[in-house]
Peer 1: 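Before anything else, here's the structure in question.
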Amino acid sequence: MDKILHFLSSYFDWFYLPKIGVADVLDVLIVTVIIYELLVWIKKTRAWTLLKGILVLLFAMIAAYALKLNTILFITRNLFSIGIIAIIILFQPELRRALDELGRKNFIMNIRSFGKNDGLPGLSDKSIFELVKASVDMSRSKIGALIVIEGDTPLGEYESTGINVDAALSSQLLVNIFEKNTPLHDGAVIIRDNRVVAATCYLPLTDRNDLTKELGTRHRAGLGISEVSDSLTIIVSEETGSISVAKKGNIYRNLSEKSLRDYLEELQPKPAKERHKKKSKKGGKVK
């Protein structure tokens, strides 16, 4: 028996269980909270797009190292050497806002809500119907509107500049928001997961100087948000009542009801698109 115990003890000499104290637990908790808050911040800002770009550069470095591509290695190393400074300059407003929010965070509520997504990706048929109806109604009444539909790029930094709404998407709600002389009519509405999440949001204006003078601040804001994100923005002119769509840094003007619906259907999930195509082939009409 003694020989067996001696053999087992010698066999498991490599196994070492460190002593865990209160300081170690506290250390792990603090690091966990820091990492969690960093992930939340990345999720709500354009930093998520930046993170994907950094991952692409890391993959390029690994591939270049494996293939002995010295020129690419030299370029990527120099890019990373100035990357920290570039990040601080590019994301200075977001970093300042993140530090400001850190002092008034409700950590428990944020942990419960992290990664929560109550809606479905893309636009539903009902949402498209409501958006088209609202846009056409406002066009006829010449009510100016700016409606941003969030894509894969989070718009949390612009959402925070407005007033939280968090309501089901409906044409009546949108028309009431943009009705003249109402408290919420100024600014943009942001839509996420088929819900109106915020109103009176401020958007970045485009710096392009090749735009016609007919396009005012509302159109420049819609074009500006399309340049920094993959969102789609519906713009209704207050002067002419024309409907425009801004997407990927381009603006498409004087759209008809059908053209607007076609643009919105591009945001639908693939199964919904297939159902719509089948319905169209059968002669069904989507209102």
Side-chain angles (χ1 to χ4, degrees), residues 46 49 121-155 158-159 169-171 173-175 177-178 185-194 196-199 201-270 272-274 276-277 280 285-287:
R46 290 177 296 161
T49 307
L123 284 177
S124 64
D125 290 335
K126 182 179 183 301
S127 296
I128 292 177
F129 170 79
E130 300 292 346
L131 284 167
V132 172
K133 185 177 186 304
S135 301
V136 171
D137 289 345
M138 289 186 289
S139 173
R140 290 170 180 166
S141 304
K142 291 188 177 181
I143 298 174
L146 189 58
I147 306 170
V148 183
I149 304 167
E150 186 183 72
D152 293 329
T153 304
L155 300 178
Y158 305 108
E159 177 188 345
L169 175 59
S170 68
S171 58
L173 175 62
L174 291 175
V175 172
I177 287 176
F178 289 110
H185 83 283
D186 192 21
V189 160
I190 294 180
I191 294 175
R192 178 189 304 126
D193 297 332
N194 300 288
V196 179
V197 294
C201 299
Y202 294 107
L203 305 180
L205 300 180
T206 181
D207 294 328
R208 289 174 53 180
N209 53 14
D210 60 337
L211 299 177
T212 175
K213 297 300 182 182
E214 297 176 6
L215 302 181
T217 305
R218 187 176 286 111
H219 290 81
R220 298 187 72 89
L223 192 56
I225 192 66
S226 73
E227 292 173 343
V228 299
S229 70
D230 60 347
S231 62
L232 184 145
T233 304
I234 302 172
I235 309 158
V236 180
S237 173
E238 186 175 355
E239 289 76 20
T240 64
S242 64
I243 301 174
S244 305
V245 162
K247 181 181 179 183
K248 295 181 179 179
N250 297 308
I251 189 165
Y252 307 93
R253 302 175 59 197
N254 302 319
L255 299 182
S256 63
E257 180 178 348
K258 182 181 181 303
S259 300
L260 176 60
R261 183 179 292 108
D262 290 340
Y263 277 109
L264 294 177
E265 284 172 357
E266 294 178 3
L267 304 180
Q268 284 189 302
K270 189 175 180 181
K273 290 182 183 179
E274 293 175 353
H276 176 74
K277 288 180 180 179
S280 299
K285 183 178 179 181
V286 180
K287 294 183 180 180

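No experiment lies behind these values; they were computed from the predicted model shown.
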Peer 1: Looking at residues at least two apart in the chain, or sitting in another chain, which of them share a side chain to side chain contact (heavy atoms under 4.5 Å, CB included) with Val132?
Peer 2: Ile128, Val136, Glu257, Leu260, Arg261, Leu264

Peer 1: If you look only at pairs with a residue in residues 218-231, which of them pass as a salt bridge (Lys or Arg N to Asp or Glu O under 4.0 Å), with sequence neighbours excluded?
Peer 2: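 Those involving residues 218-231 are Arg218-Glu238.
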
Peer 1: Any ring-ring contact (aromatic ring centres under 6.0 Å, His included) pairs touching residues 214-248, not counting sequence neighbours?
Peer 2: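 Not a single pair qualifies under ring-ring contact (aromatic ring centres under 6.0 Å, His included).
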
Peer 1: Among residues at least two apart in sequence or on other chains, which ones pass side chain to side chain contact (heavy atoms under 4.5 Å, CB included) with Lys126?
Peer 2: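 Counting only residues at least two positions away or on another chain, Lys126 forms a side chain to side chain contact (heavy atoms under 4.5 Å, CB included) with Ser124, Glu130.
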
Peer 1: Do you know which two heavy atoms are closest between Ser242 and Asn254, and how far apart they sit?
Peer 2: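 Shortest heavy-atom separation between Ser242 and Asn254 comes out as CB-OD1, 3.4 Å.
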
Peer 1: Out of Ile191, Leu146, Ile243, which one pairs with Ile234 under the side-chain contact (heavy atoms from CB on, under 4.5 Å) rule?
Peer 2: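 Per the side-chain contact (heavy atoms from CB on, under 4.5 Å) rule, the option paired with Ile234 is Ile243, out of Ile191, Leu146, Ile243.
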
Peer 1: Considering residues at least two apart in sequence or located in another chain, which fulfil the side-chain hydrogen bond (donor to acceptor under 3.5 Å, both in side chains) criterion with Asp186?
Peer 2: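 Expected list: none.
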
Peer 1: Quick one: does Glu265's side chain get under 4.5 Å of Asp125's, heavy atoms only?
Peer 2: no

Peer 1: Given Leu155 and Val197, is the side chain to side chain contact (heavy atoms under 4.5 Å, CB included) satisfied, shown in steps?
Peer 2: CA-CA 11 Å; Leu155 300 178; Val197 294; over 6 Å; no

Peer 1: Using the side chain to side chain contact (heavy atoms under 4.5 Å, CB included) rule, take Ser231 and Val148 through it: C-alpha gap first, then chi angles, then the decisive distance, then the call.
Peer 2: CA-CA 7 Å; Ser231 62; Val148 183; 3.8 Å; yes

Peer 1: Can you name the side-chain hydrogen bond (donor to acceptor under 3.5 Å, both in side chains) partners of Ser170, sequence neighbours left out?
Peer 2: none

Peer 1: Considering residues at least two apart in sequence or located in another chain, which fulfil the ring pair (Phe, Tyr, Trp, His ring centres under 6.0 Å) criterion with Tyr252?
Peer 2: Tyr263

Peer 1: CG/Asn194 to CD1/Ile149 distance, rounded to the nearest 0.5 angstrom?
Peer 2: 9.5 Å

Peer 1: For Ser139, check side-chain hydrogen bond (donor to acceptor under 3.5 Å, both in side chains) against everything at least two apart and list the hits.
Peer 2: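 Checked Ser139 against side-chain hydrogen bond (donor to acceptor under 3.5 Å, both in side chains); zero matches.
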
Peer 1: Keeping the roles fixed (side chain from Ser127, backbone from Leu123), state whether a donor-acceptor pair exists under 3.5 Å.
Peer 2: no

Peer 1: Tell me whether Ser141 contacts the main-chain N or O of Ile143 through its side chain, where contact means a donor paired with an acceptor under 3.5 Å.
Peer 2: no

Peer 1: Check side chain to side chain contact (heavy atoms under 4.5 Å, CB included) between Thr217 and all other residues, then give those that pass, not counting sequence neighbours.
Peer 2: Leu205

Peer 1: So do Asp262 and Glu266 actually touch side chain to side chain, heavy atoms under 4.5 Å?
Peer 2: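 No - every pair of side-chain heavy atoms lies 4.5 Å or more apart.
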
Peer 1: Looking at side-chain heavy atoms only, is the closest gap between Val228 and Pro204 below 4.5 Å?
Peer 2: yes

Peer 1: Check whether more than 12 heavy atoms from other residues, nucleotides or ligands sit under 6.0 Å from atom CG of Asp207, and answer yes or no.
Peer 2: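 No, CG of Asp207 has 12 or fewer neighbouring heavy atoms, counting only those of other groups under 6.0 Å.
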
Peer 1: Nearest 0.5 Å please: distance from the CG atom of Leu203 over to the OH atom of Tyr158.
Peer 2: 8.0 Å

Peer 1: Give every residue pair that meets the salt bridge (Lys or Arg N to Asp or Glu O under 4.0 Å) criterion with at least one member in residues 133-151, sequence neighbours excluded.
Peer 2: Lys133-Asp137, Glu150-Arg192

Peer 1: Not counting sequence neighbours, which residues clear side-chain hydrogen bond (donor to acceptor under 3.5 Å, both in side chains) with Ser244? List them please.
Peer 2: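 So Ser244 forms no side-chain hydrogen bond (donor to acceptor under 3.5 Å, both in side chains) with any residue.
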
Peer 1: Can you find a pair of side-chain heavy atoms, one from Leu131 and one from Ile147, that are under 4.5 Å apart?
Peer 2: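 Answer yes - side chains close enough.
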
Peer 1: Check the pair Leu232 / Lys248 against side chain to side chain contact (heavy atoms under 4.5 Å, CB included), numbers first and verdict last.
Peer 2: CA-CA 8 Å; Leu232 184 145; Lys248 295 181 179 179; over 6 Å; no

Peer 1: Output all residues satisfying side chain to side chain contact (heavy atoms under 4.5 Å, CB included) with Ser226, sequence neighbours left out; order by chain, then residue number.
Peer 2: Leu223, Ala246

